Amino acid sequence: MTRYNPAEIEARWQSAWEASDVFKAVRSADKPKYYVLEMFPYPSGRIHMGHVRNYTMGDVIARYKLATGHNVLHPMGWDAFGMPAENAAMAIGGHPKDWTYGNIKDMRDQMKPLGLSIDWSREFATCDPEYYGQQQALFLDFLQEGLVYRKNAIVNWDPIDMTVLANEQVEAGRGWRSGALVERRELTQWFFKISEHSDALLDALDSLDNWPAKVKLMQANWIGKSRGLQFAFSTVEGPEGHDRIEVYTTRPDTLMGASFVGISPDHSLAKELEKDNPDLAAFCAECRKGGTTEEAIETAEKLGFNTGITVRHPFDTAHELPVYIANFVLMDYGTGAIFGCPAHDERDFEFATKYGLPIISTYLPSEESPEALDEAYVPAKTDKVFYNRGFAGEQWQTGHEAIDAAIAFCESNGVGQGVTKFRLRDWGLSRQRYWGCPIPVVHCETCGVVPEKKENLPIELPYDVDFSTPGNPLDRHPTWRDCACPSCGAPAKRETDTMDTFVDSSWYFARFTAPRAETPTITEDAAYWMNVDQYIGGIEHAILHLLYSRFFARAMEMTGHLPKSANEPFDALFTQGMVTHAIYQTPKQDGRPIYHYPEDVDLRDGKAFLKEDGQEVEIIPSAKMSKSKNNVVDPLNIISNYGADTARWFVLSDSPPERDVEWTASGAEASHKHLTRVWTLCDKIAAMDPGAAGKDDEALLRAMHKTIHDVTLGVETFGFNAAIAKLYAFTATLSKSKANHAAQRKAIMTLAQLMSPMTPHLAEDIWKHQGGEGLIVTAPWPKADDAMLVDDVVTLPIQINGKRRAEISVPADMSKEEVEKIALAHEAVIRTLDGATPKKIIVVPGRIVNVVA
RNA sequence: GCCCAAGUGGCGGAAUGGUAGACGCAGGAGAUUCAAAAUCUCCCGCCGCGAGGCGUGCCGGUUCGAGUCCGGCCUUGGGUACCA
């Protein structure tokens with residue numbers, strides 16, 4: 001009897017796989033291709049259980065597809081640009097490049113022991129000049145295609161550090177380092193014209209049959225197609241050039257209830273009025289304080305400033321409405337001006353109540369007059385009839401019908417026109433930071449903004465930069481900016497902004513198809529490998545990353561870098577949950593908790609105590625693993641204690657993959673025990689007498705075929721936890737089986753195959769131990785025999801009025817009438833019916849009988 | 001604020017609209033052992049002696065039948081355009 005020694009067998013099989021090059025993806029016409037990709041990691045320095053879970057899921061799919069005869073591409077790379085590298089450089093010194101490449105090496109070393117079926121020959125990092133140089137080439141092609149332009153946009157400005165802040169660096173409206181109140185400031189920035197593709201990106205969602213419905217819905221809402229009315233209010237005594245205020249509304253049916261007009265503090269009229277009204281200017285300045293996020297703007301207290309200007313209602317010129325500057329009106333959406341109808345909009349209601357504006361109802365819940373409204377009455381339900389009074393006596397039901405009727409009415413009366421608008425804004429890609437892909441353009445005094453020549457790419461980041469003061473080191477670099485104008489040759493200055501890191505991750509999946517190419521992609525490779533057949537990653541990327549990638553695929557198609565068939569790059573998407581872990585904390589004097597590491601805590605009877613002094617510790621369950629909370633479980637410890645197969649098995653077994661999983665030490669222990677049990681079982685079967693007679697051989701094989709069926713289905717539908725439950729059950733069946741050696745050997749080898757995507761090392765070892773041919777990784781996936789899946793006799797529960805009262809065993813093919821007769825004759829049924837005649841009997845063959853009394 | 005999810009025993013969870021709690025953890029009882037570890041067997045939603053009743057976040061609805069479908073809430077999580 002040997003001992004299960006994961007350290008030894010895992011190293012051995014990883015070498016065997018490497019030696020045989022089984023995971024190297026080579027184009028070939030003789031097999032269907034399958035491209036499986038997990039969202040590539042940011043090289044933070046340590047892998048965590050979330051990575052293990054994400055890559056193990058992808059690995060299960062990759063290995064399963066390999067076993068079902070596919071030519072599999074399963075690559076890995078690094079999303080390597082971004083703020084943390086610069087933050088580390090500022091906090092602990094060193095250089096972002098060294099920090100990043102050091103982290104990549106560390107993480108690769110931590111990842112390799114997991115035994116993932118990755119083609120490491122295709123690995124790259126987005127901070128490799130070979131990668132970002134090709135990204136610069138893409139940028140130039142997009143520029144030429146008219147997909148990129150410059151305009152002003154608002155950023156968070158820290159007035160003390162004199163630097164642009166990311167939203168993450170703004171805490172409660174203040175800069176995270178300086179503590180200064182953040183201001184909004186306009187900068188000229190580069191934009192991708194993603195909004196021109198709004199309709200296409202929205203419509204194509206329908207074709208993504210293998211994407212989660214929730215992700216498609218979130219994207220659709222984000223793109224936000226709306227039909228509304230755009231029209232102008234005429235001002236009564238507006239300043240010169242402001243005799244009209246353009247307004248866009250999605251609720252033109254409530255126009256008769258308008259009681260004020262709100263304009264953004266950044267609206268041209270507000271800016272005009274600011275010039276000679278100090279109070280108004282002060283109000284606008286106040287509105288411009290705080291972060292730029294939609295969340296910050298929408299949750300801020302609603303504030304208004306009466307400009308004193310009024311406008312005429314388009315259908316009642318005697319009715320004058322006040323114009324307010326309102327902090328909740330976004331300049332980026334619509335026209336930067338709205339009309340407020342407090343009776344039918346919660347936010348307008350709040351505003352009107354605060355500033356004493358009239359509340360005019362246009363809809364009634366019935367034909368009777370309404371009492372005074374004390375909250376906004378929003379007639380949202382289309383199944384009820386509401387009446388709109390106004391519009392010269394026209395009455396409409398609510399919903400789209402009323403909106404369409406209102407637009408038609410306004411158009412025919414010369415008040416504006418119906419327009420379609422999108423919420424989606426263009427993608428601002430300029431970042432005033434060092435550790436990103438330089439934007440390959442040059443600023444020339446005579447020629448203006450000039451694209452860099454392709455032969456000068458890559459425009460590499462300089463290494464000699466200084467992080468001792470805040471701001472973009474490229475701006476301060478003594479020589480890097482100096483260059484010759486690509487157009488006239490005169491001395492010119494480089495653009496010092498770098499690209500948003502979302503650009504890097506918007507095409508890496510295409511680059512994996514030809515990672516060393518001298519062009520962004522190679523036609524034949526992209527045509528062969530694209531699309532990604534299965535993409536796997538966190539739900540937190542449901543909108544931005546996935547939408548940007550979809551846009552990029554289209555832009556790459558327009559510029560000849562991807563085939564038309566790849567303009568939706570991800571055929572199937574799976575979004576997995578996070579790995580969580582309990583937080584152990586004790587209170588500190590100042591109220592802030594002290595966080596304790598799991599290894600410093602003893603668990604007894606569901607309570608936790610400090611090992612050091614026995615003090616009881618508060619347990620906060622299921623928190624996202626976070627370094628600052630000391631609740632990160634290092635996968636390396638698990639691997640060194642139990643082996644990679646145990647870590648893989650556990651992250652797949654306990655929770656459904658789309659949900660968060662809580663890491664528990666006891667769960668990992670249990671996984672390891674189970675794998676040991678399978679190992680021992682293999683040994684036991686190998687030692688059996690091949691000539692001895694067995695008992696119930698057929699029953700074992702039936703159970704085996706059911707397991708093949710269930711596990712295959714589980715793997716194909718991401719039901720890994722359910723598949724593993726079936727494997728537990730089959731292992732128990734096999735270990736109790738008295739079947740002969742041939743049947744048991746068949747069963748353990750099939751079990752190994754079914755386990756091989758999850759625990760590949762153990763599976764290889766069992767395969768070899770039982771005399772399997774070649775590597776299990778390339779052995780064809782077992783096939784369930786349909787004839788072995790059907791039972792002859794089924795157990796049917798009998799319900800009376802939906803409550804289970806009895807059960808009967810009947811042949812599977814028994815007729816409904818027979819089943820009904822047997823059910824009614826059942827002693828428990830007769831007793832419960834107590835002489836009453838059943839009104840109805842429902843027999844669902846193979847499922848249930850329900851007697852309605 | 002807005003958009004999208006999730007909520008089932010002590011815990012993680014299972015369940016094509018058809019026996020709620022598969023499988024695992026923890027717990028309990030027993031076997032083995034000089035003893036322990038390891039291993040194996042059995043029990044294990046709540047109330048009730050029992051018959052039985054109650055149970056899938058809360059309230060209501062559809063259905064012969066609802067964890068599952070519909071409406072309204074509550075709580076937690078994700079996103080909210082410069083975290084990745």
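Here the structure is a predicted model, which means the values were calculated and not measured. First the proteins, then the strands, lettered A, B, ... as listed; each starts at 1.
- Distance, A/R184 CZ to B/rA81 P: 11 Å, rounded to whole Å.
- By the 4.0 Å N-to-carboxylate-O rule, A/E301 lies close enough to A/K354 to be salt-bridged with it.
- B/rG67 makes up no base pair with any nucleotide shown, lacking Watson-Crick or G-U wobble contacts both under 3.5 Å.
- Classified by interplanar angle (parallel below 30°, tilted 30° to 60°, perpendicular above 60°), the ring pair A/F502/A/H545 is parallel.
- With hydrogens and angles ignored, a donor-acceptor pair under 3.5 angstrom links the side chain of A/Q189 to the base of B/rC82.
- Spacing between atom CZ of A/F192 and atom P of B/rC82 amounts to 12 Å, rounded to whole angstrom units.
- More than 90° away from 0 lies the glycosidic angle of B/rG27, which makes this nucleotide anti.
- A distance of about 12 Å separates the P atoms of B/rG7 and B/rG12, rounded to the whole Å.
- Each of B/rG13, B/rA84, B/rA81 was ranked by its minimum atom distance to the side chain of A/S655; first place goes to B/rG13.
- You'll find that the side chain of A/H541 is closest to B/rA84, out of B/rC83, B/rA84, B/rG1.
- B/rG52: Watson-Crick or G-U partner is B/rC47, with both key distances under 3.5 Å.
- Using atom C1' as the reference point in both B/rU8 and B/rG57, the two lie 10 Å apart (nearest Å).
- For B/rA14, one of the phosphate oxygens OP1 or OP2 lies less than 4.0 angstrom from a side-chain nitrogen or oxygen of A/N721.
- Rounded to whole angstrom, the span from the CD1 atom of A/I798 across to the P atom of B/rC64 amounts to 20 Å.
- In this structure, A/R431 reaches the B/rC82 phosphate: one of its side-chain N or O atoms is under 4.0 Å from OP1 or OP2.
- A/N801 has no side-chain polar atom (N or O) that falls below the 4.0 Å cut-off from OP1 or OP2 of B/rC64.
- Ranking B/rA84, B/rC82, B/rU80 by closeness to the A/W222 side chain, first place goes to B/rU80.
- A/H672 pairs with exactly one of A/Y4, A/W649, A/W679 by the ring pair (Phe, Tyr, Trp, His ring centres under 6.0 Å) rule, that one being A/Y4.
- The base of B/rG79 has none of its N or O atoms less than 3.5 Å from a complementary donor or acceptor on the side chain of A/E295.
- Comparing B/rG67 with B/rG21, their P atoms sit 12 Å apart, to the nearest whole Å.
- Atoms CZ (A/R185) and C1' (B/rC82) sit 16 Å apart, rounded to a whole Å.
- The only option from A/D500, A/T498, A/D497 that meets the side chain to side chain donor-acceptor pair (under 3.5 Å) definition with A/R431 turns out to be A/D500.
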Pick out the pairs of N or O atoms, protein on one side and nucleotides 17-19 of chain B on the other, that lie under 3.5 Å.
from, atom 1, to, atom 2, distance (Å)
B/rU19, O2, A/R804, NE, 2.7
B/rU19, O2, A/R804, NH2, 3.3

Are any protein N/O atoms closer than 3.5 Å to N/O atoms in nucleotides 38-44 of chain B? If there are, list each pair with its distance.
from, atom 1, to, atom 2, distance (Å)
B/rC40, OP1, A/R677, NE, 3.3

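- Listed nucleotides: B/rG12, B/rC82, B/rG1. Nearest to the side chain of A/Q432: B/rC82.
- Between the P atoms of B/rC44 and B/rU33, the separation comes to 28 Å (whole Å).
- Within the nucleic acid shown, A/R423 comes within 4.0 Å of at least one base atom, counting heavy atoms only.
- Using modelled atom types, one finds a donor on one side chain and an acceptor on the other under 3.5 Å when comparing A/T496 with A/D475.
- Distance, A/K216 NZ to B/rA5 P: 12 Å, rounded to whole Å.
- Between A/H674 and A/Y728, the angle of the ring planes lies from 30° to 60°, which puts this pair in the tilted group.
- Checking the phosphate oxygens (OP1, OP2) of B/rG24, no side-chain nitrogen or oxygen of A/S653 falls inside 4.0 Å.
- The partner of B/rA5 is B/rU76, judged by Watson-Crick or G-U wobble contacts that both fall below 3.5 Å.
- The P atoms of B/rU16 and B/rC69 are separated by 12 Å, rounded to the nearest whole Å.
- Classification of A/E294 and A/R425 as a salt-bridged pair fails, no side-chain N sitting under 4.0 Å from a carboxylate O.
- In the region residues 725-734 of chain A, proximity to RNA chain B at under 4.0 angstrom, judged on heavy atoms, holds for A/A725, A/Y728.
- Here the side chain of A/I539 is nearest to one of B/rA81, B/rG78, B/rC25, namely B/rG78.
- Summary of the strand contacts: A/K214 and A/R433 both lie near RNA chain B, and taking for each the nucleotide with the nearest heavy atom, the more 5' one is attributed to A/K214.
- The local environment of NZ in A/K726 is sparse, with at most 12 non-hydrogen atoms from other residues, nucleotides or ligands closer than 6.0 Å.
- Comparing the P positions of B/rG61 and B/rA22 gives a spacing of 31 Å, expressed to the nearest Å.
- Within the 4.0 angstrom heavy-atom criterion, base atoms lie near A/L424.
- Side-chain proximity of A/E168 to B/rC83, B/rA81, B/rG13: nearest is B/rC83.
- Pair assignment for B/rU16: none, as no Watson-Crick or G-U wobble contacts are both less than 3.5 Å.
- For B/rC11, the paired nucleotide is B/rG24, the pair qualifying as Watson-Crick or G-U wobble because both relevant distances are below 3.5 Å.
- Across B/rC4, B/rG13, B/rC82, the shortest atom-to-atom separation from the side chain of A/A166 is found for B/rC82.
- Between B/rU80 and A/N167, no contact under 4.0 Å exists linking OP1 or OP2 to a side-chain N or O.
- Rounded to a whole angstrom, the distance from the P atom of B/rA26 to that of B/rC11 is 15 Å.
- With a 3.5 Å ceiling on both atom-pair distances, the Watson-Crick or G-U wobble partner of B/rA29 is B/rU41.
- When the nucleotides B/rC83, B/rG1, B/rC64 are ranked by their closest atom to the side chain of A/T299, B/rG1 comes out on top.
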